[in-house]
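Below is one structure, written out as structure tokens; comments come after it.
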Amino acid sequence: MLSLRLSAVSSCVLAAALVLTACSTKPVDETAGWSPNRIYSEATDERSAGNFEKAVTLLEKLEGRAAGTPLAQQAQLDKAYTHYKAGEQAQALAAIDRFQKLHPASPAMDYALYLKGLINFNDNLGLFGSLARQDLSERDQKAAKESFEAFRELVSRFPDSRYSPDARLRMTYIVNSLAQYEVHVARYYHSRGAYVAAINRAQSALTDYTDAPALEEALFIMIRSYDALGMTQLRDDARRVMQASYPRSEYLSKGFKSVDSPWWKIW
């Protein structure tokens with residue numbers, strides 16, 4: 001009987017110890033007494049210091065504390081920007097999409113669209129720099145196109161926004177880059193004797209993009225590909241168009257340019 005009583009006492013002591021341990025390890029919320037403005041300031045400082053995870057945590061707390069206020073909207077946008085700075089593209093885009101659904105009439109919508117375009121634009125630049133010598137025939141241009149659509153919506157809906165001038169410049173760059181991408185693929189096919197595929201990609205560049213620098217080479221690829229296929233009438237038609245559009249083109253006199261320079265460097 002004494003043994004049973006001791007066992008029961010030991011169990012109670014153990015249970016109490018576990019409860020005390022659980023209480024002692026419960027996370028302490030350091031922001032418990034902070035004002036929303038202080039939380040926002042601390043989050044900004046953490047992001048500036050490169051502590052992106054800590055900054056996101058603080059912004060999430062701020063979003064809850066300041067729910068229904070402009071500061072909560074700012075926290076959502078700052079969270080998207082913080083993910084972007086951390087290189088977390090998917091999380092950044094998810095945060096932007098959530099903001100757009102929750103606040104379709106927000107006065108900060110122009111910035112949300114600009115940030116959405118910027119996130120995808122950054123990814124686009126990354127692939128340009130890293131794939132200069134690779135076969136891009138299967139490379140997805142989805143990010144660049146989504147970037148363009150975000151910028152286009154921005155300048156259409158908010159033409160006087162402070163972000164619109166830069167968005168327009170980036171749109172021009174994207175168009176030129178996408179055209180250059182199509183021409184790069186066309187040139188790749190031409191170099192491997194896939195002349196029909198080369199013609200199709202060059203034609204896509206001419207049809208989908210206007211006044212892009214790469215269109216000069218697109219026409220030349222079509223001329224060379226038609227010639228290789230023995231389609232002389234189409235070759236001559238393409239040549240007449242090229243001579244009219246680019247009367248001083250060096251392609252007709254010197255052929256393809258050197259590939260020593262990265263294909264994406266278009267100016």
Side-chain angles (χ1 to χ4, degrees), residues 87 89-90 93 117-152 168-267:
Q89 184 190 33
L93 291 173
L118 196 64
I119 293 165
N120 281 312
F121 185 82
N122 185 64
D123 177 72
N124 188 42
L125 290 177
L127 73 88
F128 287 166
S130 63
L131 300 178
R133 296 292 180 268
Q134 296 183 24
D135 165 22
L136 304 184
S137 60
E138 301 301 325
R139 186 68 185 186
D140 183 13
Q141 296 295 290
K142 184 172 180 286
K145 292 176 180 177
E146 289 185 351
S147 177
F148 182 86
E149 289 303 319
F151 288 139
R152 181 164 65 177
R168 292 187 183 95
L169 291 175
R170 291 175 186 273
M171 287 171 67
T172 298
Y173 177 79
I174 291 170
V175 167
N176 291 345
S177 299
L178 289 173
Q180 184 65 49
Y181 165 80
E182 291 295 328
V183 172
H184 172 81
V185 176
R187 185 175 183 176
Y188 166 82
Y189 283 136
H190 177 273
S191 68
R192 283 155 179 75
Y195 301 118
V196 173
I199 291 168
N200 288 338
R201 296 307 286 257
Q203 186 62 58
S204 292
L206 291 165
T207 301
D208 296 340
Y209 307 103
T210 304
D211 299 328
L215 301 188
E216 180 182 357
E217 186 177 0
L219 281 167
F220 183 66
I221 290 172
M222 292 181 70
I223 293 170
R224 294 289 293 267
S225 296
Y226 282 133
D227 186 60
L229 292 170
M231 305 173 74
T232 56
Q233 182 174 344
L234 290 174
R235 176 201 63 195
D236 293 342
D237 289 343
R239 182 182 292 273
R240 280 192 290 272
V241 172
M242 186 167 186
Q243 289 173 333
S245 302
Y246 307 98
R248 299 180 181 179
S249 175
E250 294 186 357
Y251 283 102
L252 293 174
S253 59
K254 298 181 180 180
F256 287 111
K257 296 179 180 179
S258 170
V259 295
D260 291 339
S261 298
W263 66 270
W264 48 267
K265 197 169 185 178
I266 59 179
W267 57 65

Closest heavy-atom contact between [X] and [Y]?
X: Ala214; Y: Val183; value: O-CG2, 3.4 Å
X: Leu178; Y: Ala144; value: CD2-CB, 3.8 Å
X: Ile223; Y: Arg239; value: CD1-CA, 3.4 Å
X: Pro213; Y: Asn176; value: CD-OD1, 3.4 Å
X: Ala179; Y: Ala205; value: O-CB, 4.2 Å
X: Ser225; Y: Ile199; value: CB-CG1, 3.4 Å

Could you grab the distance from atom [atom1] of [X] to atom [atom2] of [Y], nearest 0.5 Å is fine?
X: Met242; Y: Ile221; atom1: CE; atom2: CD1; answer: 9.5 Å
X: Glu217; Y: Gln180; atom1: CD; atom2: CD; answer: 6.5 Å
X: Leu215; Y: Tyr209; atom1: CG; atom2: OH; answer: 10.0 Å
X: Ser177; Y: Phe148; atom1: OG; atom2: CZ; answer: 11.5 Å
X: Phe151; Y: Thr172; atom1: CZ; atom2: OG1; answer: 11.5 Å
X: Met222; Y: Leu234; atom1: CE; atom2: CG; answer: 8.0 Å

All salt bridge (Lys or Arg N to Asp or Glu O under 4.0 Å) counterparts of Arg192, not counting sequence neighbours: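 If we apply the salt bridge (Lys or Arg N to Asp or Glu O under 4.0 Å) test to Arg192, skipping adjacent residues, there are no hits.
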Side chains of Ile174 and Lys145 in contact at under 4.5 Å (non-hydrogen atoms):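 In short, these two side chains do not touch, never coming nearer than 4.5 Å.
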Min side-chain heavy-atom separation Tyr181-Arg201 under 4.5 Å: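 A side-chain contact under 4.5 Å exists here.
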Thr207 side chain vs Ser204 backbone, donor-acceptor pair below 3.5 Å: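 Between the backbone of Ser204 and the side chain of Thr207 there is no qualifying donor-acceptor contact (under 3.5 Å).
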Test side-chain contact (heavy atoms from CB on, under 4.5 Å) applied to Asp237 and Arg240, step by step: CA-CA 5 Å; Asp237 289 343; Arg240 280 192 290 272; 2.3 Å; yes
Centroid-centroid distance, Tyr251 to Tyr246, less than 6.0 Å: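 No; Tyr246 has its ring centre 6.0 Å or more from that of Tyr251.
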Pair Asp227 + Arg224, salt bridge at N-O below 4.0 Å: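 Looking at Arg224 together with Asp227, the answer is no, because their closest N to O distance does not fall below 4.0 Å.
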